[in-house]
Amino acid sequence: MTLVSVLIVAAALIGIGLYGALSQQSFVMLMMGLELMLNGAILAMMGFWSFSLGGAPEGQLLAIIVMAVMAVEMAVGFALVVAVYRKRQADMTESLTTMKH
Amino acid sequence: MTDALFLALSTLAIWSGWRVFRVDSMVRASFQLMVSFIAVGLIAVLLAAPYIGIATIFMMAVEMMVMALFMVMFMMNPAGLNPMVMVHQHRFSIAAGIIAFAGLTAAVLLSDLPVQRVPEGVDVVRNLGHELLGPSMLIFETAGVTLLATMIGAVVLSAHSGRYGASDTGSLPPGLTPGGEPAGRKPENGGHHHHGGH
Amino acid sequence: MIAATLILLLALPPLVWVAAMFDRIGAGRGTVVMGPLQNGAALVLRPNTETEAPDRLNRLLAPGWYLALALVGLSVVPLAEDVVASEISTGLVLWGACEALTVVVVFLHGWSPNAPLPLIGAYRYVAIALPAMLLSMFVLIGAALPAQSLSVVEVVEAQREIWNVIRQPLGLPLFMALGLAITLRGPFDYADGAELAGGTSAEESGPALALWHFARAAMLVAFSAMAATAFLGGYLGPVLPGPAWLLLKTLAVMAATVAAGRFFVRMPPARMLTFLWVVLLPLSFASLALVGVEVLP
């Protein structure tokens with residue numbers, strides 16, 4: 001387990017997450033892609049903290065902030081899904097085209 | 001020992017992360033994502049961060065449970081009985097994912113990374129606590145206030161009662177003249193678009 | 001560490017038996033002492049039922065996960081001074097993760113047979129169990145505050161002067177709400193209730209059901225040991241050796257939890273949800289605030 005191997009695993013998670021976020025049609029699956037990217041980000045952060053930060057507590061603080069960001073993303077995301085579903089019975093990104101015109 | 005564990009956990013994290021977008025059931029997908037998070041949490045424990053690692057598992061178990069609930073509520077085909085493909089711009093997405101991975105890996109391999117391990121015998125959890133409620137208190141509190149704002153915003157966005165009545169009964173604003181047509185934007189399926197062409 | 005793990009593994013089956021006996025006292029469900037063994041043997045000999053298009057893997061694994069979570073939760077409980085199965089500095093967080101994953105496992109148990117009654121049970125349960133779990137976290141932070149540590153060993157050591165149940169009287173009753181929720185009993189039994197013909201276990205029979213019941217009782221043991229440790233001083237006590245005190249306190253909490261499960265009625269899920277968010281959760285905040293004021297130097 002070296003810093004390089006941890007970061008490569010994190011890069012793979014970010015790559016898969018980016019694929020998911022771009023390719024999925026359903027809102028919730030799209031959010032899963034975003035979450036997976038943040039998962040990779042947390043892993044990279046913990047790798048840096050453990051291998052090259054000498055245990056400075058700010059690194060862990062950053063991970064906690066990212067977790068808070070995840071919670072915000074989930075909550076606002078689901079609230080938007082509920083609002084959109086109420087308005088147009090839609091759960092797909094394609095069905096939202098009002099911003100295009 | 002640590003290396004073997006790391007190898008197993010990282011394989012699990014990547015494999016289950018990949019399965020998220022390959023299984024045909026949304027509930028399975030959200031629990032695959034949870035498995036990926038649990039693997040990353042355990043790697044963090046291996047990296048000498050027992051609090052962050054286990055807190056990740058704890059948080060993500062709850063979050064993915066909520067996600068699975070929403071899946072069953074809103075999504076078609078929650079149990080995965082019918083095959084389902086719901087993707088768009090597929091090739092572009094695959095390319096973007098691969099480029100992101102390749103770019104990040106190249107950056108990792110080509111850059112000169114500093115090396116400074118966590119010293120033995122440091123109480124990292126206590127340090128984190130002193131940091132959270134000491135020098136970085138403002139940042140931590142900002143996260144708290146942001147979460148509060150999120151809660152209020154989420155409730156406002158998803159609340160059943162709108163400004164002009166319940167949302168499932170129309171929630172229409174009153175007319176400009178007494179008894180007149182409701183003011184504001186017309187719903188799309190209820191007649192003409194308000195911009196030109198029709 | 002290995003010795004403690006072995007002791008836990010050996011002690012769990014008899015304790016599960018005792019838990020099952022407590023469940024049968026006065027319930028009219030067969031003889032008290034031999035009943036659990038007879039029912040278990042009868043279940044093991046019966047075949048498993050099949051449902052249409054189930055999620056086989058999760059259906060098979062859910063009871064095993066439940067049991068595994070009970071064991072991991074139990075492993076953070078110190079059996080005596082310096083005898084603990086998992087020497088982790090964040091034991092309380094690990095216990096919290098076990099609670100959260102228990103909700104997931106119960107949901108999987110209800111979702112995987114692909115049948116209506118189990119899914120309804122699982123769905124109701126998640127809505128109720130998540131806030132119950134939330135309030136337990138505040139209560140456990142209250143138990144950790146006087147110890148100034150998230151390690152369960154330190155939490156016990158901080159109770160040498162005075163037990164947490166006296167310092168923070170709201171803690172134990174609130175924590176018992178969680179115990180009722182994660183062991184699926186009494187007022188919080190939205191998962192396996194009789195009105196859903198067994199809820200998440202409605203489609204189960206045979207060894208899988210036997211293991212589910214075993215795991216449920218094991219979770220009761222784990223919860224009781226944790227409650228005894230966090231609020232009743234764990235292995236601390238005069239005259240008797242530490243493990244004996246822990247055993248006695250665990251049995252007492254177990255009996256109290258079973259009795260509470262019998263005594264309180266189950267509300268409709270919507271009312272229970274309101275009750276949890278509007279009454280119990282603010283109570284846990286108040287409890288935490290009181291503890292905070294108390295430990296201020």
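Every chain is numbered from 1 and lettered A, B, ... according to where its sequence line falls, protein lines coming before strand lines. Excluded from the calculations below are hydrogen atoms, water molecules and symmetry mates; all remaining heavy atoms, backbone and side chain alike, are included.
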Next item on the list: May I ask you to test the B:Gln116-A:Phe51 pair for a side-chain heavy-atom distance under 4.5 Å?
Entry: no
Item checked: Most contacts with chain A, counted as non-hydrogen pairs under 4.5 angstrom, among B:Trp18, B:Phe101, B:Phe37 -> B:Phe37
Checklist line | Short side-chain to backbone donor-acceptor contact, B:Gln89 and A:Leu22, under 3.5 Å | finding: yes
Check: More than 12 non-hydrogen atoms from neighbouring residues, nucleotides or ligands closer than 6.0 Å to OH on B:Tyr51, yes or no?
Finding: no
Note to self: Would you say that B:Leu109 contacts A:Ile8 through its side chain, given a criterion of any heavy-atom pair below 4.5 Å between the two side chains?
What the structure shows: yes
Checklist line | Side chain A:Ser50, main chain B:Leu47, donor-acceptor under 3.5 Å | finding: yes
Next item on the list: Using a 4.5 Å cut-off on heavy atoms from C-beta on, say whether the side chain of B:Thr105 contacts that of A:Leu7.
Entry: no
Margin query: Are the side chains of B:Ile52 and A:Met67 in contact, using a 4.5 Å heavy-atom criterion?
Written below: yes
Next item on the list: For the residue pair A:Leu80 and B:Leu157, establish whether any side-chain heavy-atom pair is separated by less than 4.5 Å.
Entry: yes
Next item on the list: Heavy atoms only, distances under 4.5 angstrom: which of B:Ile94, B:Thr2, B:Val122 has the most pairs with chain A? Name it, please.
Entry: B:Ile94
Margin query: Does atom CG (B:Leu148) have a neighbourhood of more than 12 heavy atoms from anything else shown, all under 6.0 Å?
Written below: yes
Next item on the list: Could you tell me which of A:Ala68, A:Ser52, A:Gly77, A:Gly59 has the largest number of non-hydrogen atom pairs under 4.5 Å with chain B?
Entry: A:Ser52
Note to self: At a heavy-atom distance under 4.5 Å, which candidate from B:Met67, B:His90, B:His130 has the highest pair count against chain A?
What the structure shows: B:Met67
Notebook entry, point to check: Which of the residues A:Ile14, A:Val76, A:Leu53 is involved in the greatest number of heavy-atom pairs with chain B at under 4.5 angstrom?
Noted result: A:Leu53
